[in-house]
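Heads up: the structure comes next, in structure tokens.
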Amino acid sequence: MTATLASPAIKSAQGAESLLRKLEWTVLRRLDGLLQGDYRTLLRGAGMDLADLREYQHHDDVRHIDWNVTARLQQPHVRVFTEDRDMNAWFLLDLSPSMDFGSGEQRKRQVSAEFVAVLARLLTRHGNRVGAMLYGAGVDAVIPARGGRQHVLQLLHTLKTRPETPANKDPGTTRLHELLDSAANLIRRRSTIFVLSDFISEAGWEKPLGLLAQRHEVIAVRLLDPLELDLPDLGLIPIRDAETGEQLLVDTHDAGFRKRFARIAAQREAQLRTSLTRAGVDALELSTDGDLVSALMRFTDLRKRRSRLSGGHAGVGKLPAHLMQAA
């Protein structure tokens, strides 16, 4: 009897199945208990069709006011929407060299893959479709939006079989705006779009992100590693820029150097958060040393609070002051 070795494709498929089953038993089970069926909190604002108009009532969302009808009838009216259950979600995946970094047990690419697995399975269980666009040296793969567990496995298999992108010696190898521009041209139907990236990229991605958010519900999922924010005292160590391939020998024992590094990192963090806010997108930060469920729950709570604040919750029986003036 001769033994046959499983092919790499079979091993990868088995690995995708194993990962998804593990996440279903750990992360998804915890999320089901915490969200208590309110999974659409993660997807606020997507898949809505205009059904009717009616007079404004307290607790209505002021964003749904039809100002033309309000001016014509001299009474605030809101647009009434019906929820389109047949919804598409897309994952825009940055798989550039910097996403292969991780100072601990996990790399940013692994955390990104687990997030995709959890959200894709959560969505497809409720009848929605998910697709993906993969960016390495460019937009080099598009996985059409489909539903079902088998499709999620195919998506994970694709992520697991992609080789790590070799570091390019030319500076500025990541051009995130190319991925965002491609998504704007490809995704025509209003969708929920998750942009998964560490946002270590050439400048110029902010405007395309904002334009994408004007048509779709866009969520920026930012991947980071603690070592990118604060260097510990490790002595003399070599550091290589994953994007450019440049290598430097730095003395982390130098307290002044560590302080300068932390200051520059903090400035970049502030600039990035400002850019995401200006683009009009919500942001979820995932760290390589963090807990995925905790991060998702913090993000869900934030969106719930924001939805309540934007919903025009005034005193009982009273319109907000600016609506009283409009009426």
Side-chain angles (χ1 to χ4, degrees), residues 92-112 115 135-137 164-180 194-210 213 218-292 294-295 298-299 302:
L92 308 188
L93 295 164
D94 174 8
L95 301 177
S96 60
S98 61
M99 290 291 290
D100 293 322
F101 177 73
S103 59
E105 296 182 358
Q106 291 199 100
R107 294 171 299 168
K108 288 183 281 186
R109 184 193 281 227
Q110 291 172 293
V111 176
S112 175
F115 176 87
Y135 177 92
E164 294 184 4
T165 308
N168 193 313
K169 293 185 179 181
D170 294 328
T173 57
T174 301
R175 300 175 178 87
L176 196 57
H177 64 86
E178 294 179 355
L179 175 60
L180 299 171
F194 299 91
V195 183
L196 287 92
S197 175
D198 55 12
F199 292 90
I200 299 176
S201 166
E202 283 188 358
W205 55 265
E206 296 89 345
K207 183 176 180 180
L209 182 65
V218 178
I219 300 167
V221 184
R222 190 275 182 98
L223 285 300
L224 70 156
D225 185 273
L227 206 60
E228 294 172 328
L229 306 178
D230 187 29
L231 280 177
D233 184 354
L234 300 174
L236 197 64
I237 60 171
I239 293 181
R240 181 176 66 86
D241 188 325
E243 293 288 307
T244 66
E246 182 181 3
Q247 296 192 31
L248 294 174
L249 197 63
V250 299
D251 183 9
T252 60
H253 185 64
D254 184 345
F257 173 80
R258 296 200 309 274
K259 288 181 180 179
R260 290 193 298 273
F261 181 92
R263 183 175 66 251
I264 294 172
Q267 290 173 349
R268 180 182 179 276
E269 288 292 298
Q271 292 171 355
L272 176 57
R273 288 169 181 165
T274 298
S275 296
L276 294 175
T277 300
R278 287 176 177 171
V281 303
D282 284 336
L284 168 61
E285 293 186 351
L286 298 179
S287 176
T288 56
D289 68 344
D291 178 68
L292 180 57
S294 298
R298 288 195 303 271
F299 181 68
L302 170 65

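For reference, positions follow the sequence shown, starting with 1. Heavy-atom basis, side chains included; hydrogens, waters and symmetry copies ignored.
- Distance check, rounded to the nearest 0.5 Å: CG of L196 to CG of L95 gives 9.5 Å.
- Distance check: L93 CG to L179 CG gives 8.0 Å after rounding to the nearest 0.5 Å.
- In terms of the side chain to side chain contact (heavy atoms under 4.5 Å, CB included) criterion, residue partners of E269 (sequence neighbours excluded) are, by chain and number, R222, L229, R273, E285.
- Note that CG of L92 and CG of L180 are 6.5 Å apart. Values are rounded to the nearest 0.5 Å.
- Note that the CZ atom of R107 and the OG atom of S98 stand 12.5 Å from one another [nearest 0.5 Å].
- Among residues two or more places apart in sequence or in another chain, the side chain to side chain contact (heavy atoms under 4.5 Å, CB included) test is passed with T277 by none.
- T174 approaches S201 most closely through the heavy-atom pair O-OG, 3.2 Å.
- T274 OG1 to Q271 CD: the interatomic distance, rounded to the nearest 0.5 Å, is 7.5 Å.
- In this structure S112 satisfies the side-chain hydrogen bond (donor to acceptor under 3.5 Å, both in side chains) test with no other residue, sequence neighbours excluded.
- For the residue pair S197 and D94, the shortest heavy atom distance occurs at OG-OD2, 2.8 Å.
- Here side chain to side chain donor-acceptor pair (under 3.5 Å) pairs that include residues 223-232, with residues two or more places apart or in two chains, are S103-D225, K108-E228, D225-T288.
- Other residues, nucleotides and ligands contribute more than 12 heavy atoms inside 6.0 Å of the CD atom of Q267.
- Taking every heavy atom of both residues into account, D198 and R268 meet most closely at O-NH2, 3.4 Å.
- Not counting sequence neighbours, the partners of F199 by the ring pair (Phe, Tyr, Trp, His ring centres under 6.0 Å) test are W205.
- Within the structure, side chain to side chain donor-acceptor pair (under 3.5 Å) pairs that include any residue of residues 254-266 do not occur (at least two apart or interchain).
- Under the side-chain hydrogen bond (donor to acceptor under 3.5 Å, both in side chains) criterion, S287 pairs with D289, not counting sequence neighbours.
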For L292 and V111, run side chain to side chain contact (heavy atoms under 4.5 Å, CB included): C-alpha distance rounded to whole Å, both residues' side-chain angles, the deciding distance at 0.1 Å, then the answer. CA-CA 8 Å; L292 180 57; V111 176; 5.6 Å; no
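- The distance from the CD1 atom of I219 to the CG atom of L284 is 8.0 Å, given to the nearest 0.5 Å.
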